[in-house]
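Beneath this line is the structure, given in structure tokens, with notes to follow.
Bear in mind that the values here come from a model prediction, so they are computed numbers and not experimental data.
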Protein chains: 2
Amino acid sequence: MVVPMKSDFEAQLRAVSLRVTRPRLAVLSALRDHPHVDTDAVLSLVRADHPTVSHQAVYDVLRALTDTGLVRRIQPAGATARYELRVRDNHHHAVCRTCGAIADVDCADGLAPCLTASDDHGFVIDEAEVVYWGTCPECVTHSSEGS
Amino acid sequence: MVVPMKSDFEAQLRAVSLRVTRPRLAVLSALRDHPHVDTDAVLSLVRADHPTVSHQAVYDVLRALTDTGLVRRIQPAGATARYELRVRDNHHHAVCRTCGAIADVDCADGLAPCLTASDDHGFVIDEAEVVYWGTCPECVTHSSEGS
DNA sequence: GCACGAAACTTGAACGATTCCAGAAAGGGG
DNA sequence: CCCCTTTCTGGAATCGTTCAAGTTTCGTGC
């Protein structure tokens, strides 16, 4: 298993000079077990173990973790923010227009596709984010059943 | 000039069976003159000519126009929704992390880059949206000045 | 040119996600 | 073990967006 354990999270936090706190460890654990969850789901998951954690703490923690790069924020248009543990390979996401489900998608062109814009207008680009919009297998099935 | 005129907007609206109303023409004009504006800016622009237009009307119009494909909604993570007149070439956007400025970027690979995910997990993908995150020329200048 | 039904607009309130604030608690270097 | 700073708690405020009721306007058919 390559799944990070509690102690790993502790090391990761210290590595970016963040204090090791219960809420933070709980959030990291929640994200390890449930990728692509939104803030509310994180809160529920965290409270399963630590009922006293405030929603504000979860917002603070998620912000601190995204700012330091431990966690990646995904925010498809029109949906609430979702989070996943940051992994080095820059993979992208397929988002279902119907139910909002998110799946990981590896880069088509090996690494960092389209990272170099043809004409960048002087922008200094550090990341290319790709969202594949479509319909997930389940919703495809359901909609075809209905026809 | 290839800029659409009022009469063109009228034809476009009729083409998608939408009624031709003053608010709709005003919104289209505003977007023609100011690409990448948010709802609030659209409202201001529209009210310059038609002071009585309600904010709700602008939301309705923008929704109707995006639903019918006349207008494209852009919603970078953490920012409010922005809109631009839909153009056929599927171009993408460079977004400044500092000031939120948006610039059009043509596809690096000719058309529709990365539209085919390597493993789509059964998703039926109809669009690949690419956001280039970085720093715009102005913010680059300002930050280097400060150092 | 006029009336009628449906679509669109106005006004105003409600809503959900996120942020701000002040005070209490807890991490961790000395 | 203490103190200072960071973090957390609780609650209110904010922002963008949407919902709802009633009125106006578009555009088709007479």
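- With hydrogens and angles ignored, the 3.5 Å screen pairs a side-chain donor or acceptor of A:R24 with a backbone N or O of A:R19.
- The interatomic distance linking B:R63 (CZ) with C:dC9 (P) rounds to 13 Å, in whole Å.
- Whole-Å rounding puts the A:E10 CD to C:dG27 P distance at 11 Å.
- Rounding to whole angstrom units, CG of residue B:L65 and P of C:dA8 are separated by 10 Å.
- Interface residues of residues 15-24 of chain B facing DNA chain D, ordered by number: B:R19, B:V20, B:R22; criterion, heavy-atom separation under 4.0 Å.
- Heavy-atom distances to DNA chain D give each of B:Y59 and B:R14 a nearest nucleotide, and the one nearer the 5′ end belongs to B:Y59.
- Spacing between atom NE2 of B:H55 and atom P of C:dA8 amounts to 18 Å, rounded to whole angstrom units.
- What separates CG of A:D38 from C1' of C:dT18 is a distance of 13 Å, to the nearest Å.
- Annotation: side chain of B:V20 is in contact with side chain of B:L25 (closest heavy-atom distance under 4.5 Å).
- Using a 4.0 Å heavy-atom criterion, one finds that B:S54 contacts the bases of the nucleic acid, with or without backbone contacts as well.
- Minimum atom distance to the side chain of A:T52 is reached by D:dT9, of the listed D:dT9, C:dG12, C:dT19.
- For B:R97 (side chain) and B:W133 (main-chain N/O), no donor-acceptor pair under 3.5 Å exists by modelled atom type.
- Taking CG of B:L65 as the reference point, atom CZ of B:R63 lies at 12.0 Å (rounded to 0.5 Å).
- Protein atom CG of A:D67 is 11 Å distant from nucleotide atom P of C:dT19, rounded to whole Å.
- Rounded to a whole Å, the CZ atom of A:R47 is 10 Å from the C1' atom of D:dT9.
- Residue-level contact check: A:A81 touches the backbone only, with heavy atoms under 4.0 Å from sugar-phosphate atoms and none from bases.
- Atom OG1 in A:T68 sits 9.5 Å away from atom CD in A:Q12 (nearest 0.5 Å).
- No donor-acceptor distance shorter than 3.5 angstrom exists from the side chain of A:R82 to the backbone of A:R73, with no hydrogens or angles considered.
- Nearest-nucleotide assignment on DNA chain D puts the 5′-proximal partner with A:V61, out of A:V61 and B:T80.
- With hydrogens and angles left out, the side-chain atoms of B:E84 and B:H91 include a donor and acceptor closer than 3.5 Å.
- Look at CG on B:L13: it is 12 Å from C1' on C:dA8, rounded to the nearest Å.
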